[in-house]
Protein chains: 2
Amino acid sequence: MNIGEVAKRAGLNSRTIRFYESIGLVSQPDRARSGYRDYAEKDVHQLRFVASARALGFSVEEIRQLLALYDDRARSSSDVKRLVLHHVEEIDRKLQELAAMRRTLMHLAERCHGDQRPECPILDELSLVKRQQ
Amino acid sequence: MNIGEVAKRAGLNSRTIRFYESIGLVSQPDRARSGYRDYAEKDVHQLRFVASARALGFSVEEIRQLLALYDDRARSSSDVKRLVLHHVEEIDRKLQELAAMRRTLMHLAERCHGDQRPECPILDELSLVKRQQ
DNA sequence: ATGGACATTCCAGTAACTGGAAGGTCAAGG
DNA sequence: CCTTGACCTTCCAGTTACTGGAATGTCCAT
């Protein structure tokens, strides 16, 4: 199977696949006589794994770890679970951060008439508010 | 006032301040005889504005626009409000994205025993799941 | 023959910093 | 005066995950 077809099946871009190969994230496929990459089904599985994990927000390094666990018959599922739950914590952190931003912004927006006049509590507030830690 | 003190008051790093100056985001301060940057109170205000806006997740370019509105006596507050609400929309999008990730991850984690055995539905799922659009 | 898919290497851009190196001057305190 | 830390500039490059472009081809199916 050529890279174009693999890209389609994995939901990735062929350049991205070459990128992943170049950084050693995924294994190198066989080569046909033409020099074209010749992907086996297991290669597609690996790439699909990467694509899924990326979509879930795992970094390339985290995915590298996940793939290592996937390949390791002697792994403990606790290691996998730990990685996932750590990632959830990061997401929770980000969710809180964004929610706080949103709250502040909505608060500011509500105090703004949003008309043709120049008076703007948003701008006033931005230049006065001490940055929250 | 020297850059170190300004940095402290604005809640920014002195290198970051020089960076903002280099990209034309903030105005250049006067210079003392020594060649040191000599910041006035209005400069501190501007930098504080930038720091506040960054903390609220606005990009440098968005802040550039906000600063332009701040400096424009003829602005309409509707322009400011539009910028802010657009930013809130982006945040909402990101919040949804993160929440969806979290949901999937928690679902996967719940199905994982997290013990010494190698069986892991998380890994299985990652290699099978078709990436959601 | 043609057009699209594929190959490689090299370079660089994206956003917002931030670090390091190199080579200084300035200012305050001991 | 000496010392130490703050300040100055320029230049280069790293971070993360791609992704684009250029250049220069070969391969394959119609």
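We name chains A, B, ... by the order of the sequence lines, and we start the count at 1 in each one. All values derive from a computational prediction rather than experimental measurement.
Under 3.5 Å, the side chain of B/Tyr36 and the base of D/dC8 form no donor-acceptor pair of N or O atoms.
Both B/Phe58 and A/Glu5 lie near DNA chain C, and the one whose nearest nucleotide falls closer to the 5' end is A/Glu5. Both A/Gly35 and A/Arg15 lie close to DNA chain D; mapped to their nearest nucleotides by heavy-atom distance, the more 5′-ward contact belongs to A/Arg15.
Salt bridge status for A/Lys94 with A/Glu97: present, with a side-chain N to carboxylate O gap under 4.0 Å. Under the 4.0 Å criterion applied to side-chain N and carboxylate O atoms, B/Arg48 and B/Glu41 are not assigned as salt-bridge partners. The pair A/Lys8-A/Glu5 fails the salt-bridge criterion, with no side-chain N (NZ, NE, NH1 or NH2) lying under 4.0 Å from an Asp/Glu carboxylate O. Electrostatic pairing of A/Glu21 and A/Arg18 does not count as a salt bridge here, judged by no charged N lying under 4.0 Å from a carboxylate O.
Comparing atom distances between the A/Arg31 side chain and each of D/dC8, C/dA7, C/dA16 picks out C/dA7 as nearest. Closest approach to the B/Tyr20 side chain among D/dA17, D/dT9, C/dC17 is made by C/dC17 (side chain taken as heavy atoms from C-beta onward). Across C/dC17, D/dC8, C/dT8, the shortest atom-to-atom separation from the side chain of B/Ile3 is found for D/dC8.
Phosphate contact (OP1/OP2 of D/dC8, side-chain N/O of B/Arg37, threshold under 4.0 Å): present. Taking side-chain N and O atoms only, A/Ser34 has no distance below 4.0 Å to OP1 or OP2 of C/dA7. Contact annotation: A/Arg54 side-chain N/O to D/dC18 OP1/OP2 distance is under 4.0 Å. Not one side-chain nitrogen or oxygen of B/Arg18 sits closer than 4.0 Å to the OP1 or OP2 atom of C/dG19. Here A/Thr16 reaches the OP1 or OP2 of D/dT19: one of its side-chain N or O atoms lies under 4.0 Å away.
Whole-Å rounding puts the A/Ile63 CD1 to D/dA17 C1' distance at 10 Å. In this entry the distance linking CG of A/Leu12 with C1' of D/dA17 reads 12 Å, nearest Å. When rounded to the nearest whole Å, the span between CG of A/Asn13 and C1' of D/dC18 equals 9 Å. Here D/dT9 presents its P atom at 9 Å from CD of B/Gln28, a figure rounded to the nearest Å.
A donor and an acceptor atom, one from each side chain of A/Ser27 and A/Gln46, are located under 3.5 Å apart.
Using a 4.0 Å heavy-atom cutoff across all strands shown, B/Arg33 reaches no nucleic acid atom at all. Among the heavy atoms of the strands lying under 4.0 Å from A/Ser59 are primed sugar atoms or P, OP1, OP2 only; no base atom is included.
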